[in-house]
Amino acid sequence: MRDAAYYLAAALDRELAGEHDKALTHYSAALGEDPLCIEAWTRQLWMLLYLDETPEASIWADKALQSFPADPDILSLKSLAQWRNGLREEARNLNDHALAATRGSANVWLTRGEMQLDADMKSAAACFRRAADSPGIPGMADLRAGDIYLRCGKFAEAAEHYRKATCSIPESAWAWYGYGRAQRALGKAREARNCFARAGNLAPRDERYRKAAKAKPGWFGRIREWLRGGA
């Protein structure tokens, strides 16, 4: 029976595979079955953010707020969209309202963490730890934290969160791919190749993972491998 639960499950599978556009389609279908499914709303907003459709994410957050006024998860994701849209003051105000409403939401802490990255790394790290400790699908907060750190060029921190994500959701090709990208950025070419190979085995049709696994390390990476006794 193709109800909201069916589409949510299908969307999560696509999201864990890194197919964010297909995941978005399924989350939208879940909303078509149940317009009051808050989980479908929040995950749809995440997919728009992953696809860099930040103005669209802000618009859809406003639509969600019509049904869920002052909902902290929706407010926090709108704040992240506005943050990435360059509307920093509005974003902080929205996130403050979300945080005042609840301190037990992974979405609230994840968005707070990204906002803190430029100002205070220790505070940001604490936010991401709070996100990981919040209720939700095991490993998802670590996966999103890794994606945020990677997006912001914080590769060591990204690698640690991806490591935790691959332990909790080892079936996620996207988690392994992110872990590999972080390792590669840190000059750990051998570890990166292993991660890319895991991603490719989990999603053999995804060209990104195949190319990453076959890519040769640059000269700096080869030197690092030689110094470490790698192949």
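From Thr25, atom OG1 reaches atom CZ of Arg14 across 11.5 Å, with rounding to the nearest 0.5 Å. Atom-to-atom distance recorded for Met140:CE and Ile169:CD1 is 6.0 Å, nearest 0.5 angstrom. Between the NZ atom in Lys78 and the CG atom in Leu45 there is a gap of 11.0 Å [rounded to 0.5 Å]. Taking CZ of Arg92 as the start and CE of Met115 as the end, the distance is 7.0 Å to the nearest 0.5 Å. Summarising the geometry, atom CG belonging to Leu75 is positioned 9.0 Å from atom CG belonging to Asn95; distances are rounded to the nearest 0.5 Å. The distance from the OG atom of Ser168 to the CZ atom of Arg163 is 9.5 Å, given to the nearest 0.5 Å.
Using cut-offs of 30° and 60° for the angle between ring planes, the Tyr50 and His20 rings count as parallel.
In terms of heavy-atom proximity, Ala159 sits nearest to Leu186 at CB-CD1, 4.1 Å. Nearest heavy atoms, Gly146 versus His161: N-CB, 3.8 Å. The heavy-atom pair separating Ala213 from Ala197 by the smallest distance is CB-N, 4.2 Å. Looking at every heavy atom in both residues, Arg208 comes nearest to Asp206 through NH2-OD2, 2.7 Å. Taking every heavy atom of both residues into account, Leu202 and Pro170 meet most closely at CD1-O, 3.4 Å.
With a 4.5 Å cut-off on side-chain heavy atoms, Leu49 and Thr54 count as touching. A heavy-atom distance below 4.5 Å is not found between the side chains of Tyr209 and Arg198. Counting heavy atoms from C-beta on, the side chains of Leu143 and Leu16 come closer than 4.5 Å. Here the side chains of Ile38 and Asp73 are not in contact, with every heavy-atom distance at 4.5 Å or above. When side chains are defined from C-beta on, Tyr177 does not count as touching Tyr162, because their heavy atoms never get closer than 4.5 Å.
Residues Asp133 and Trp109 bring no donor and acceptor atom of their side chains to less than 3.5 Å of each other. There is no side-chain donor-acceptor pair under 3.5 Å between Tyr149 and Glu160. At a cut-off of 3.5 Å, with distance as the only test, a side-chain donor of Asp147 or Trp174 sits close to an acceptor on the other residue. Side-chain atoms of Ser76 and Asn107 form no donor-acceptor pair, as typed in the model, at a separation below 3.5 Å. Judged by distance alone, the side chains of Asn85 and Gln82 do bring a donor and an acceptor atom under 3.5 Å apart.
Hydrophobic clustering of Ile, Leu, Val, Met, Phe, Trp and Tyr side chains at less than 4.5 Å, counting indirect connections, unites Met47 with Leu31. The cluster map of Ile, Leu, Val, Met, Phe, Trp and Tyr, joined by side-chain heavy atoms under 4.5 Å apart, puts Tyr7 and Leu36 in different clusters. Under the 4.5 Å side-chain heavy-atom criterion for Ile, Leu, Val, Met, Phe, Trp and Tyr, Trp46 and Ile59 are members of distinct hydrophobic clusters. Trp83 and Met121 sit in two unconnected hydrophobic clusters of ILVMFWY residues. Membership requires side-chain heavy atoms under 4.5 Å apart, directly or through other members.
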Carefully, step by step, assess Arg184 and Phe196 under the rule side-chain contact (heavy atoms from CB on, under 4.5 Å).
CA-CA 10 Å; Arg184 183 175 60 189; Phe196 293 143; 3.9 Å; yes

Under the side-chain contact (heavy atoms from CB on, under 4.5 Å) rule, what do Leu12 and Tyr27 come out as? Steps first, then yes or no, please.
CA-CA 9 Å; Leu12 181 60; Tyr27 286 133; 4.2 Å; yes

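Salt-bridge annotation for Arg112 and Asp96: present, with a side-chain N of the basic residue lying under 4.0 Å from a carboxylate O of the acidic one. Between Arg2 and Glu33, none of the side-chain N atoms (NZ, or NE/NH1/NH2) sits under 4.0 Å from a carboxylate O, so this pair counts as no salt bridge. Salt-bridge check for Glu15 with Arg144: passed, with a basic side-chain N closer than 4.0 Å to an acidic carboxylate O.
Between Thr111 and the options Leu80, Leu99, Leu94, a side chain to side chain contact (heavy atoms under 4.5 Å, CB included) holds for only Leu80.
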